[in-house]
Amino acid sequence: MNTIKNLLLIVSVGVLVASCSKASYRKTPGGMPYQHFKSGDTQQVKVGNFIKLSFAQKINDSVYFTTEGKMPIYIPVLAQTTPYDISEVWTKLHLGDSVATTQMMDTFIKRMPPGNIPPQFKKGDRILTYAKVLGIFTSDSAQVADKVKEEKIFEAAEVASIQKYLNDKKITTQRTKSGAFIEIINPGNGNLADSGKYVSVNYTGTTFDGKKFDSNTDPAFNHVQPYSFTVGIGEMIKGFDEAVSLLRPGGSAKVYIPSMLAYGERPPQGSPIRPYEKLIFEVAVVDLKDKAPAQPPMHPQPQPQKVDAPQPNK
């Protein structure tokens, strides 16, 4: 498992920090220091299992990621491990066990090619990872069933938190078919941008804490032009797609999207959006057509004629 690409595996920081005096540090074969806190349960993690984890990670003293208040993480336990990586300890754990690891960014910098280190990590950083085993599954179907159950619980809690946010701010919304909240500012005129229509929009996306992550009206994001797509065929995240379908040309709205109707556990690579993060979009319809414009036909490029090289005179 690539540690840099898979730093999203962790428990609530406070639980393990409070118990740090109960176990001494050891080192994995790859040289990574870790502490193992045993629960006393006899069910051990084995290669081929799937494990359910609560997970938290700190860079120095700042929490980089935590599953607290979000979904737990499910990962397969593979026979192949990566040196200096938390994957080295999975099969040492039992149900209910916790592990705390310490990794130095300088070690990764020495081992990885230049340019492969994400910008949030810097020379001299210390990465602290905390994980707790919440479940062990012997088949993929068993872990999928458990994940579906957890998603329903999480989704209900997330919807309740958005509803509270809207109530506190006295914002009136309606629900889309799948459950996004849309505050229609101006419904627009003409036909609805319903399924199959080709729509052009301006938009700005922010997180619920006000951090702007994308916009096609802000020059800072380097794509200041209307964005066009066909409604209702899955080109956009579901919450955004369904909200646009309730608008007409000239219409505008603010959309409050639960994470399951946004990017869920897999936000775009390199994006500041975190797994299971709910989002807000301001959107305005600037143009609407019955269908997408026809693409120009792709004509085969003419190939140069092969010319035999001149033969020397004999």
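- Across every non-hydrogen atom of P226 and V286, the tightest pair is CB-CG2, 3.8 Å.
- Residues D194 and K197 are paired through a salt bridge, judged by an N-O separation under 4.0 Å between the basic side chain and the carboxylate.
- Looking at heavy atoms from C-beta onward, V244 lies in side-chain contact with V199 at the 4.5 angstrom threshold.
- Shown here are the salt bridge (charged side-chain N to carboxylate O under 4.0 Å, His left out) partners of D106, two or more places apart in sequence or in another chain: there are none.
- A donor-acceptor contact under 3.5 angstrom links the side chains of S178 and E242, judged on distance only.
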Side-chain donor/acceptor pairs under 3.5 Å, residues 141-148, sequence neighbours excluded:
unit_1, atom_1, unit_2, atom_2, d
S141, OG, S139, OG, 3.2
Q143, NE2, D140, OD1, 2.7
D146, OD2, K52, NZ, 3.0
D146, OD2, Y74, OH, 2.6
K147, NZ, E265, OE1, 3.3
K147, NZ, E265, OE2, 2.5

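- Q57 and T129 share a side-chain donor-acceptor pair at under 3.5 Å.
- Between the side chains of S259 and E158, at least one donor N or O lies within less than 3.5 Å of an accepting N or O.
- Between the D241 side chain and the G232 main chain, a donor and an acceptor come within less than 3.5 Å of each other.
- Under the ring-ring contact (aromatic ring centres under 6.0 Å, His included) criterion, the residue pairs touching residues 222-267 are F240-F281, with sequence neighbours excluded.
- A side-chain donor-acceptor contact under 3.5 Å links R248 to the backbone of G190.
- In summary, the side chains of S87 and T81 do not present any donor paired with an acceptor at a separation below 3.5 Å, with no hydrogens or angles considered.
- Of the possible polar contacts, none joining the N202 side chain to the E282 backbone as a donor-acceptor pair under 3.5 Å is found.
- Applying the salt bridge (charged side-chain N to carboxylate O under 4.0 Å, His left out) test to K212 and every residue at least two apart in sequence or in another chain returns D218.
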Residue pair N49, T138: steps toward the side chain to side chain contact (heavy atoms under 4.5 Å, CB included) verdict: CA-CA 5 Å; N49 289 166; T138 58; 4.0 Å; yes
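- Although no hydrogens or angles enter the test, the distance criterion places a donor-acceptor pair under 3.5 Å between the side chain of Q103 and the main chain of Y84.
- Counted within 6.0 Å of CZ on R175, heavy atoms from surrounding residues, nucleotides or ligands total more than 12; the atom is thus considered enclosed.
- Of all the heavy atoms in Y130 and A100, the pair that sits closest is CD2-CB, 3.8 Å.
- Contacts of F208 classified as ring-ring contact (aromatic ring centres under 6.0 Å, His included), with partners at least two apart in sequence or in another chain: Y165.
- By the 4.5 Å heavy-atom criterion applied to side chains, I75 and I51 are counted as neighbours.
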D41 vs D97, test: side chain to side chain contact (heavy atoms under 4.5 Å, CB included). Steps then yes/no. CA-CA 8 Å; D41 198 285; D97 285 6; 5.7 Å; no
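- The two atoms that bring A243 and V255 nearest to each other are CB-CG2, 3.4 Å, heavy atoms only.
- The shortest non-hydrogen separation linking R274 to V63 is NH1-O, 4.4 Å.
- Taking 4.5 Å as the limit, some side-chain heavy atom of L93 sits within range of a side-chain heavy atom of V99.
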Kindly indicate, with the supporting measurements, whether the criterion side-chain hydrogen bond (donor to acceptor under 3.5 Å, both in side chains) is fulfilled by N186 and S252. CA-CA 5 Å; N186 178 0; S252 60; 5.0 Å; no
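- When every heavy atom of E88 is checked against every heavy atom of G30, the shortest pair comes out as OE2-N, 2.8 Å.
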Can you list the steps and then say if T102 with I127 is a side chain to side chain contact (heavy atoms under 4.5 Å, CB included)? CA-CA 6 Å; T102 302; I127 304 167; over 6 Å; no
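- Using a 4.5 Å cut-off on side-chain heavy atoms (C-beta onward), K70 and P275 make no contact.
- Side chains of K92 and W90 form no contact here, defined as non-hydrogen atoms less than 4.5 Å apart.
- Crowding of N167 atom CG: a count of heavy atoms from other residues, nucleotides or ligands under 6.0 Å exceeding 12.
- Distance OG1/T176 to CG/L261: 6.5 Å, rounded to 0.5 Å.
- Between A253 and I184, the shortest heavy-atom contact is CB-CA, 4.0 Å.
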Test log, rule side chain to side chain contact (heavy atoms under 4.5 Å, CB included), inputs I237 and I257: CA-CA 10 Å; I237 58 173; I257 306 178; 4.1 Å; yes
Could you give the side-chain donor-acceptor pairs of residues 287-294 under 3.5 Å, partners two or more places apart or in another chain?
unit_1, atom_1, unit_2, atom_2, d
D287, OD2, K289, NZ, 2.6

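- With rounding to the nearest 0.5 Å, the separation of CZ in F65 from NZ in K58 is 16.0 Å.
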